[in-house]
Structures are given as structure tokens and as C-alpha cells.
2 protein chains.
Amino acid sequence: MHLEEARQKFVQSWGALGSSWGINRTMAQIHALLLVSTEPVSTEDIMEQLQVSRGNVNMNLRALIDWGIVTKENKIGERREFFVADKDIWAVARQIARERRKREIEPMLRVFDELKNTSGTDAETKEFKRMIGELTDFTSKADGVVDKFIRSDEHWFYKTLLKLVK
Amino acid sequence: MHLEEARQKFVQSWGALGSSWGINRTMAQIHALLLVSTEPVSTEDIMEQLQVSRGNVNMNLRALIDWGIVTKENKIGERREFFVADKDIWAVARQIARERRKREIEPMLRVFDELKNTSGTDAETKEFKRMIGELTDFTSKADGVVDKFIRSDEHWFYKTLLKLVK
DNA sequence: CTGAACTTTCAAATATTTCTGAAAGTTTAT
DNA sequence: ATAAACTTTCAGAAATATTTGAAAGTTCAG
């Protein structure tokens, strides 16, 4: 398989994976494209390579920047903007973990907290509260692990992983 | 907040969380409903409580059964089927991890494996292969952690978590 | 075997998400 | 100040995902 075919295959697969994790296909594809590009890439480049509109590229680039895994870059003597993805996979993973934690785990824990105050002493209510309690417990523990991961540097995490996978 | 309101809020939130993780809203809502139900629940019950059609409930129940986190239950002297969710959150999490591993991590590793064979000795190709190598490394390590989690019982995982979160 | 009770299927309808493209906005050079 | 070069916005269009509902299928008691 030659480079262009491989790159294309990677972009497609990364896009497909993204969509099964609640990330839109084009955003994931743009990210993939930047990941495997050695040079900073312009909006036009992306439009051409992925065959999508300027507006689409612009919006998804903003989102990637917002997630903190892509940055603008200015080439001297060039008017237009170029973009690069953080190439450190561990840093990208930590950043995504950080964002999803903020956007999903924290709000869910807040909901659970509210639900703890459900009134009633009947068996149904007790059972409901018990389940919410278990979910809170589980979610908090998962949150703890994610938090540790976010705070870790690669070295720490690598060592811990070694221990974990034996 | 009284029980019905709380239950409703939980079902809504679980549905919303599901959709940001690539699980369709109704499937997540049905799961939520079963999670907080003490008694086995019939298709009709779900239709009524979530205000969705019979076909929709049926399809999503099949999917939940397929994921291995919901089971059919027959009440004696009753013709129709009832459904219950596995109430052990850790078991549910392990099951979901197992399925997503099979459906997502494994195929992605297979794609990476193919991409390793990209021909070419130029700098671009080398860089591409290096990135694929890093992604493979990262994904394999994540896979190792997930695998360990899947094989763990709650006790083991709880202890490890304690170590992890200090 | 027949019909009642229930489940499954799937084509069409609906809802949701994503994308386009052109207009408006911004920045910089002259 | 003007214009060229580029970026952003967003209403409507297109694509995708989900849902409906009615017909077909299944099971079982009588």
C-alpha cells in the first residue's frame, strides 16, 4: 500500500471510530489528517483532501481548537492560517479526557446529587436511592481514575500501565 | 423531589449521556428505566412510560439484550415477556467495555496493522509510520487496561482503583 | 386447526445532525 | 481609504439516524 492510500484509509477509519464515540465524522477526519501531516495544513488543503466545504472545515477546526488538540500556526509572509495537531498521542488523550470529564462526568455527578434528595421512605424510593448511590460510587471512582490520568505525565502513566497489565 | 419526577430526570439524563457516547437516546432511556425498576417491565410499560412505539421498544430491547446487559424474564402464567437490567453496575460496565473492545478497539488495531505495511522510504512515509506506531502503542496499552478491567471482579478492580487514586 | 395474544419486521415518515455556499466580517498592504 | 486576501457566520439543503405503525410472524390454549 502506498502512502496516499494508507493516509486515506487512516482518515476514513479514524472518522468512523469518532462517530461511534459521539464525535462527528468530519471533525475526526480533519484531526486524522492533521495528525499524519508533517507540515502545517491550510483550510484549502483540508477542503480539497476531504472534499468538504469551507464553512464545514472552519467550524470543525474551531471545535478542535476548542478541545485544545489543534492549534493555529502562522507562516511568515503568509496571510492565511495553517493548522497543526498536537502529535503527542498521550497529551491528546489527556486533553480529551479532561474535556469529556468536564462536559459529561461532572454534570452527571451533579444530577446524581440532586437525585439523592428524592423524598419518600417506601421500598421503591429506597431502591431508587440505592441505585443512584451505586451509580454515584461508580462514577466517582471512574472520575478518580480519569483525574489521575489527566494529571499524569506519560512516564507516570506508562509505569502504572505496566503494573496494571502485569 | 418525589420518586416519579426523580426517575424521569434520571431517565432523561442517562439518555442524554448515552447520545454523547454513540448510544441512541431511546436505548439508553430504556436501560435507565429498567435499572431503576424493582419489578420486571413489559414492552407495554416501556411504551407508556417513554411514549415511544412498540417497534422502537422492541428493537432497542433486542439491542440491549445483544449487548448482554438486559435479559428476558418470563412470569408464570403470563404470556408476554418481561425485561430486567443487570443491576450490578460493575458487571454492566465490564460488559460494555467487552463489547466496545470487540467492536471498536480490535478493528482499529487491525487497520493499524495493515497500515504498517505502507511502502516507501521517504521522510513523509517514515513519519506516517511513526505516527501509526505511536497510535498502535497507545491503543494496545489502552486495550490492555480494558482487558484487565473486563477480566477483573469488582474486588480486584476496587483495590486497584484505591491504589490508582492514592 | 383456529384464533387470541403477543413479538418481530421493515418501508415510509419524522427528527436530528451535519454540510454547503454565499454574504458579511476582518485584516493587512498600499 | 480602498481593495485584496482571507475567515466567519448561518439559513437552508442534504445526509443520516431514529421512529412509527401496520402487516406478517409466532406461540399456545382450547
Side-chain angles (χ1 to χ4, degrees), chain A residues 11-34 39-67 70-84 103-104, chain B residues 11-34 39-67 70-84 103-104:
Chain A
V11 168
Q12 293 307 327
S13 304
W14 203 244
L17 188 69
S19 44
S20 63
W21 284 86
I23 288 152
N24 100 43
R25 184 181 311 282
T26 305
M27 197 190 308
Q29 287 181 342
I30 293 176
H31 183 232
L33 194 61
L34 295 182
E39 291 300 302
V41 174
S42 70
T43 300
E44 300 266 353
D45 294 336
I46 299 170
M47 285 169 64
E48 190 183 342
Q49 296 216 42
L50 301 183
Q51 289 291 307
V52 294
S53 73
R54 182 178 301 284
N56 194 3
V57 171
N58 187 270
M59 293 208 314
N60 286 119
L61 275 173
R62 294 312 123 192
L64 286 165
I65 290 169
D66 192 47
W67 275 71
V70 164
T71 50
K72 277 191 209 183
E73 187 145 309
N74 283 6
K75 280 192 182 173
I76 44 170
E78 277 274 16
R79 198 46 192 296
R80 68 215 149 117
E81 297 173 323
F82 290 81
F83 302 89
V84 294
R103 296 170 197 212
E104 291 150 20
Chain B
V11 168
Q12 293 308 326
S13 303
W14 204 242
L17 189 69
S19 43
S20 63
W21 284 87
I23 287 152
N24 101 42
R25 183 181 310 285
T26 305
M27 197 191 308
Q29 286 180 342
I30 293 176
H31 184 232
L33 193 62
L34 295 182
E39 292 299 303
V41 174
S42 71
T43 299
E44 299 266 353
D45 292 338
I46 298 170
M47 285 170 64
E48 189 183 345
Q49 295 217 43
L50 301 182
Q51 290 291 305
V52 293
S53 73
R54 182 178 301 283
N56 195 2
V57 171
N58 188 269
M59 293 212 315
N60 286 119
L61 276 173
R62 294 311 125 192
L64 285 165
I65 290 170
D66 193 47
W67 275 71
V70 164
T71 48
K72 276 189 207 183
E73 186 144 309
N74 283 5
K75 279 192 181 173
I76 43 171
E78 278 272 16
R79 190 57 184 292
R80 68 214 150 119
E81 296 174 323
F82 290 82
F83 302 89
V84 294
R103 297 172 198 212
E104 290 149 21

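The figures that follow rest on heavy atoms only: side chains count, while hydrogens, waters and symmetry mates do not. Sequence lines set the chain letters: A, B, ... in the order given, protein chains first and strands last, and positions in each chain run from 1.
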What one-letter contact string describes nucleotides 12-28 of chain C from 5' to 3', where B marks a base within less than 4.0 Å of any protein heavy atom, S marks contact via sugar-phosphate atoms alone, and - marks no contact? ------SSBB-----BS
Ignoring hydrogens and angles, write down the donor-acceptor pairs under 3.5 Å from the side chains of residues 11-19 of chain B, residues two or more places apart or on other chains.
residue: B:Q12; atom: OE1; partner: B:Q29; partner atom: NE2; Å: 3.4
residue: B:S13; atom: OG; partner: B:K9; partner atom: O; Å: 2.9
residue: B:W14; atom: NE1; partner: B:H31; partner atom: ND1; Å: 3.4
residue: B:S19; atom: OG; partner: B:G15; partner atom: O; Å: 3.3
residue: B:S19; atom: OG; partner: B:A16; partner atom: O; Å: 3.0

Between P of D:dC6 and CZ of A:F83, the distance in whole Å: 13 Å
Can you give me the bend angle of the helix from C:dC1-D:dG30 to C:dT30-D:dA1? Use the axis through the first five pairs and the one through the last five, nearest 10 degrees. 10°
Check side chain to side chain contact (heavy atoms under 4.5 Å, CB included) between B:R62 and all other residues, then give those that pass, not counting sequence neighbours. B:N58, B:I65, B:K72, B:E81, B:F83
Holding to side chain to side chain donor-acceptor pair (under 3.5 Å), I want the full list of residues that pass it with A:E73, two or more places apart in sequence or in another chain. none
Between P on C:dA4 and CD on B:E78, what's the gap in Å once rounded to a whole number? 19 Å
Closest heavy-atom contact between A:V41 and A:L34? CB-CD2, 3.6 Å
List the residues meeting side chain to side chain contact (heavy atoms under 4.5 Å, CB included) with B:M27, not counting sequence neighbours, and say none if there are none. B:I23, B:N24, B:N60, B:A63, B:L64
Separation of D:dT20 atom P from B:L50 atom CG, nearest Å, is 10 Å
Selection: residues 40-47 of chain B, any non-hydrogen atom under 4.0 Å of DNA chain C: none
Output side-chain donor-acceptor pairs under 3.5 Å for residues 42-53 of chain B, partner residues at least two apart or in another chain, one line each.
residue: B:S42; atom: OG; partner: B:E44; partner atom: N; Å: 3.4
residue: B:S42; atom: OG; partner: B:D45; partner atom: N; Å: 3.1
residue: B:S42; atom: OG; partner: B:D45; partner atom: OD1; Å: 3.4
residue: B:S42; atom: OG; partner: B:D45; partner atom: OD2; Å: 3.2
residue: B:E44; atom: OE2; partner: B:R54; partner atom: NH2; Å: 2.8
residue: B:D45; atom: OD2; partner: B:S42; partner atom: N; Å: 3.0
residue: B:Q51; atom: NE2; partner: B:E48; partner atom: O; Å: 3.0
residue: B:S53; atom: OG; partner: B:N56; partner atom: N; Å: 3.2

Return no unless some side-chain N or O of B:N58 is found under 4.0 Å from OP1 or OP2 of C:dT7. no
Using whole Å, what does the distance between atom C1' of nucleotide C:dA5 and atom CZ of B:F82 come to? 13 Å
What is the distance, rounded to the nearest whole Å, between atom CG of A:L61 and atom P of D:dC6? 16 Å
In whole angstrom, what separates A:E81's CD from D:dA5's C1'? 12 Å
For A:R79, what residues pass the side chain to side chain donor-acceptor pair (under 3.5 Å) criterion, not counting sequence neighbours? none
Just the rounded figure in Å: distance from P of D:dC6 to CZ of A:R80. 6 Å
Would one find a side-chain N or O of B:R62 under 4.0 angstrom from OP1 or OP2 of C:dT8? yes
